[in-house]
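Please read the structure below before turning to the comments.
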Amino acid sequence: MSVQSYCPVKPISNGLQIKQHFPVFDSAPEDVFFDNASTTQKPQSVIDVFQRFYSAECSNAGRAVYPSSFRAAQSIEQARRDVARFINADVNEIAFTAGATDSLNAVAWSWGLSNLKDGDEILYCPQDHSSAVLPWQNLQAIMASLGRTIRLIPFSIHAVGDYDFQSIKQALSDRTRLIALSHIHHVFGVDMEIGEIRNIVGPHVKISLDASQSIGHTTVDVQKLDADFLSFSGHKMFAGNGVGILYAKAKHHERLTPFRSGGRSEPVVAGATGQSRAEFIDKIESGTANIPAISSLSAAIQFIDRIGLPEIETHVSFLTSQLILQLSTLNGIVFAPGPVTCGCPGGFGILSFRFEQAESLDIASALAYEKIYVRSGLHCRADHTNSDDFIRVSMHAYNTVDDIQIMTESLRGILS
Ligand SMILES: Cc1ncc(COP(=O)(O)O)c(C=O)c1O
């Protein structure tokens, strides 16, 4: 399709106003940060959580009866409630991990080890992020060492960037137990149509959904998505580093093997919520929690709520359409599958492309020299062999049309 036929949505929120909440831009106002799929910058309210914890509240959670320890336990449970509300889950279905990668490993280990039998099959897409694929390869090797065989069956990406439904239908068999999916693709930036895939695979195949690139960009509703497991990281949604979320449907909890065993929080936590601690949480969490990072999830969710998730989605979609229009004026540009090829009226802020006349790495390096930060390379896709080397721009709430103009003009200069 012609990019001219894009119909951009008018932005409701103004990226510049949002930018004021991020101290990193105070010291570097000229920086264009276009690597948000990798990590987001942090608003002051999130930074304050870390400052407060380490300067005034430092203690371990749920292991003592003095006030700061009690408050630490309470703030973890508050974050659990906030996350549960944010993704429409029950609070007992939320466990904290070290990050999306950790959560995805927990699914493979915790569910896979105790539920897969000889000859069972897992479907996966080699073009997805390694963190969604390698845990299954690792489990396969562990099970082989125990004399058990599971099969990993690949399916492919369609030319427009979403999953190829036909190849999923072909990969499906009566031994399929789980399909690993991404909600929004980290290179192609399109919605991977999870509802359609649920219809194809039926109710008995488990879905492990990687929401790393959709969280904070669009609504992630575990009921509507009908995901059995859902994983994402705090640091990609404005919260601190070192915390991830694993959602697991309540009906699966009983059949999970403990992922990490060790010290647990004591009943001070249960007292805070009036409920006994869910079995699932104890199977996934143990040892000292990353208290400030977990607490920062509440601040990050509050920040997103203040702007409004629909407003962020509209703004980022508008930026994506503007980016396509502007980049299309550059000679030699080749767009990766994604918003351009699927004919979507906007996007989720991720756009990948390359130039016929130059290496992506060279372009990304030249842009970095001009303080414009993008990514180049294979972007952690599990299958490297046939992949193109793309430049990826990924935008969020604080990016502006000016950022896009600055980058486009820099690219024009670099390419000339
Ligand atoms: C789609 C996707 N899944 C998983 C991950 C892994 O996230 P983390 O490194 O926070 O564990 C990423 C990170 O870029 C990602 O883009």
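Positions are given from 1, in the same order as the sequence printed here.
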Where at least one partner belongs to residues 140-178, residue pairs that pass ring-ring contact (aromatic ring centres under 6.0 Å, His included), sequence neighbours excluded: F155-Y163
Aromatic ring pairing F355/F353, orientation class (parallel under 30°, perpendicular over 60°, tilted between): perpendicular
Salt bridge flag under 4.0 Å for residues [X] and [Y]:
X: R85; Y: D305; answer: yes
X: E121; Y: R175; answer: no
X: D118; Y: R148; answer: no

Under 3.5 Å, side chain of [X] to main-chain N/O of [Y], donor-acceptor pair present?
X: S110; Y: V107; answer: no
X: R71; Y: S75; answer: no
X: N36; Y: F33; answer: yes
X: E93; Y: D90; answer: yes
X: S114; Y: R255; answer: yes
X: D403; Y: T400; answer: yes
X: S286; Y: D282; answer: no

Closest contact, heavy atoms only, I207 versus D228: N-OD2, 2.7 Å
Aromatic ring proximity, centroids under 6.0 angstrom, F232 and H183: no
Contacts under 3.5 angstrom, residues 235-249 side chains, donor-acceptor by atom type, not counting sequence neighbours:
residue: H235; atom: ND1; partner: T39; partner atom: OG1; Å: 2.7
residue: K236; atom: NZ; partner: A37; partner atom: O; Å: 2.8
residue: K236; atom: NZ; partner: S38; partner atom: O; Å: 3.0
residue: K249; atom: NZ; partner: D226; partner atom: OD1; Å: 2.7

Test salt bridge (Lys or Arg N to Asp or Glu O under 4.0 Å) applied to K224 - qualifying residues, sequence neighbours left out: D221
Stepwise ring-ring contact (aromatic ring centres under 6.0 Å, His included) test for H396 and H217: CA-CA 8 Å; H396 217 318; H217 282 83; 4.0 Å; yes
Charged tip of K19 within 45° of Y398 ring normal and under 6.0 Å: no
